[in-house]
Amino acid sequence: RVGRAFGVELPLHVLFAHPTLAGLAEQISLELRTRRGVQAPPLRPSPREEHLPLSFAQQRLWFLQRLEPTSVAYNTPFALEFEGALEPSALERALAVILQRHEALRTTFLEVGEERVQRIHAFEPLPLARWDLSGEPEAERSRRLRELIDAQTREPFSLERGPLLRQGLVRLGEDKHVLLLTMHHIVSDGWSMGVLLHELGELYAAFRQGHEAPLAPLPVQYADFALWQREWLRGEALERGLAYWKKQLGSAEGVLQLPVDRPRASARAHRAAIAR
């Protein structure tokens, strides 16, 4: 909002270093007088070409996935429990609207020559897998539910083929269901999950009551942000950022040498434990 109102880009640390309105106003005035920073272009909707650039965050995740193609380290699973009467058709319709509404959930990631690009696919409803465990004993239901969650979580995604979203509904009883959602981190994060759950609640409530979708159209999509970021962080702006981090990390060792009781492994095993 500061950038839109005053046409300046303040570094994030300024907000913490000057938490009062008076202090922040002084920093904005200083920036306006000196114009030290490289100003970011406005974020606007962009034309949809067949291939679009990745954001820097997406490029990092693409690289890490290519290092370990079968890894599930960047799968982001979520299980949502419903108690009370559930209308699966309204839930499936709400999930379809979210898939249609957010291009990132319909995106795959390809190599075209030397470039990494994202491709946004036309909307097609994604099936909602269903499992009915209501007839099983309680202990068996819990075991089978855990197996289903693990299976959804541990299945790798193909960034090239997609889709990068899996969804399923488990029926545990007449008034108890669990919705399973798993996405790849390249199209979602913790903040995104909060947005998804909020929209899912709004849409499901509306569809149960026979109303239309209550959500306003999105002004921009994540692909617009990726294009905006690539337009901004190049030339002088990119060189300034690279120079800063090269200076900050210049003395850091390439490998953190910790005292251990065995040789360092050549690859990450992702094994972990808790010691009390």
Side-chain angles (χ1 to χ4, degrees), residues 49-79 99 102-121 126 148-168 180-193 196 221-234 237-239 241-274:
E49 301 176 1
E50 182 180 5
H51 296 142
L52 298 165
L54 277 61
S55 70
F56 290 115
Q58 288 176 326
Q59 186 168 321
R60 288 194 298 272
L61 286 162
W62 178 90
F63 176 78
L64 292 169
Q65 192 68 48
R66 285 299 297 267
L67 281 179
E68 300 178 87
T70 60
S71 171
V72 295
Y74 295 100
N75 287 10
T76 56
F78 191 85
L99 182 62
H102 294 280
E103 291 178 348
L105 299 178
R106 297 183 275 112
T107 300
T108 54
F109 300 84
L110 315 167
E111 277 188 281
V112 178
E114 298 295 321
E115 299 294 324
R116 270 63 62 191
V117 299
Q118 57 177 307
R119 181 184 177 192
I120 300 169
H121 296 261
L126 189 64
L148 287 171
I149 292 173
D150 287 346
Q152 290 283 295
T153 302
R154 297 179 186 279
E155 182 181 349
F157 284 106
S158 169
L159 300 188
E160 294 80 15
R161 294 192 305 271
L164 302 182
L165 164 67
R166 285 193 292 270
Q167 54 188 30
L180 305 181
L181 297 175
T182 306
M183 292 172 279
H184 194 282
H185 191 27
I186 201 169
V187 299
S188 178
D189 57 14
W191 183 274
S192 306
M193 188 61 74
L196 186 151
Q221 297 278 344
Y222 190 81
D224 298 312
F225 167 78
L227 286 162
W228 171 86
Q229 188 185 57
R230 291 290 180 172
E231 181 182 352
W232 178 27
L233 294 179
R234 61 182 180 179
L238 180 60
E239 291 304 318
L242 287 174
Y244 171 83
W245 285 110
K246 286 178 179 178
K247 179 180 178 182
Q248 297 296 318
L249 303 174
S251 61
E253 295 184 16
V255 177
L256 181 60
Q257 298 295 345
L258 294 174
V260 294
D261 60 353
R262 64 196 69 190
R264 176 186 292 273
S266 60
R268 293 178 297 176
H270 299 290
R271 290 192 299 269
I274 296 175

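Just so we're clear, the structure is a prediction, and the values are computed from it rather than from any experiment.
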How close do [X] and [Y] get, counting heavy atoms only, and between which atoms?
X: A226; Y: P53; answer: CB-O, 3.7 Å
X: L61; Y: I186; answer: CD1-CA, 3.7 Å
X: Q152; Y: Q167; answer: OE1-N, 4.4 Å
X: M183; Y: L105; answer: SD-CD2, 3.6 Å
X: S71; Y: Q65; answer: O-NE2, 3.2 Å
X: H121; Y: T108; answer: NE2-OG1, 2.7 Å

Checklist line | Aromatic F157 / basic R166 pairing, under 6.0 angstrom, 45° off normal | finding: yes

Next item on the list: Begin from the C-alpha positions of L164 and F109 and carry the test side-chain contact (heavy atoms from CB on, under 4.5 Å) through to its verdict.
Entry: CA-CA 10 Å; L164 302 182; F109 300 84; 3.6 Å; yes

Note to self: Does the plane of the ring in H184 sit parallel, tilted or perpendicular to the ring in Y74? Use 30° and 60° as the thresholds.
What the structure shows: tilted

Next item on the list: For residues E111 and E160, determine if any side-chain heavy atom of one lies less than 4.5 Å from a side-chain heavy atom of the other.
Entry: no

Report, as yes or no, whether the 6.0 Å neighbourhood of atom [atom1] on [X] holds more than 12 heavy atoms from other residues, nucleotides or ligands.
X: F56; atom1: CZ; value: yes
X: Q248; atom1: CD; value: yes
X: E68; atom1: CD; value: yes

Supply the atom-to-atom distance [X] [atom1] to [Y] [atom2], rounded to the nearest 0.5 angstrom.
X: R60; Y: H185; atom1: CZ; atom2: NE2; value: 9.0 Å
X: Q118; Y: Q58; atom1: CD; atom2: CD; value: 4.5 Å
X: S55; Y: F225; atom1: OG; atom2: CZ; value: 6.0 Å
X: D224; Y: Q229; atom1: CG; atom2: CD; value: 13.0 Å

Margin query: With side-chain contact (heavy atoms from CB on, under 4.5 Å) as the criterion, how do L52 and V117 come out once you've worked through the C-alpha distance, each side chain's angles and the decisive distance to 0.1 Å?
Written below: CA-CA 5 Å; L52 298 165; V117 299; over 6 Å; no

So, [X] side chain and [Y] main chain: donor-acceptor pair closer than 3.5 Å or not?
X: R106; Y: L99; result: yes
X: N75; Y: R154; result: no
X: R116; Y: W62; result: no

Next item on the list: Please determine which of L196, V187, T182, L126 meets the side chain to side chain contact (heavy atoms under 4.5 Å, CB included) test together with L165.
Entry: L126

Next item on the list: Inspect the contact between R234 and E239 and indicate whether a charged nitrogen and a carboxylate oxygen are less than 4.0 angstrom apart.
Entry: no

Next item on the list: List the steps and the verdict of side-chain hydrogen bond (donor to acceptor under 3.5 Å, both in side chains) for S192 and D189.
Entry: CA-CA 5 Å; S192 306; D189 57 14; 2.6 Å; yes

Notebook entry, point to check: Going through the checks in order, is the side-chain contact (heavy atoms from CB on, under 4.5 Å) test met by F78 and M193?
Noted result: CA-CA 9 Å; F78 191 85; M193 188 61 74; 3.8 Å; yes

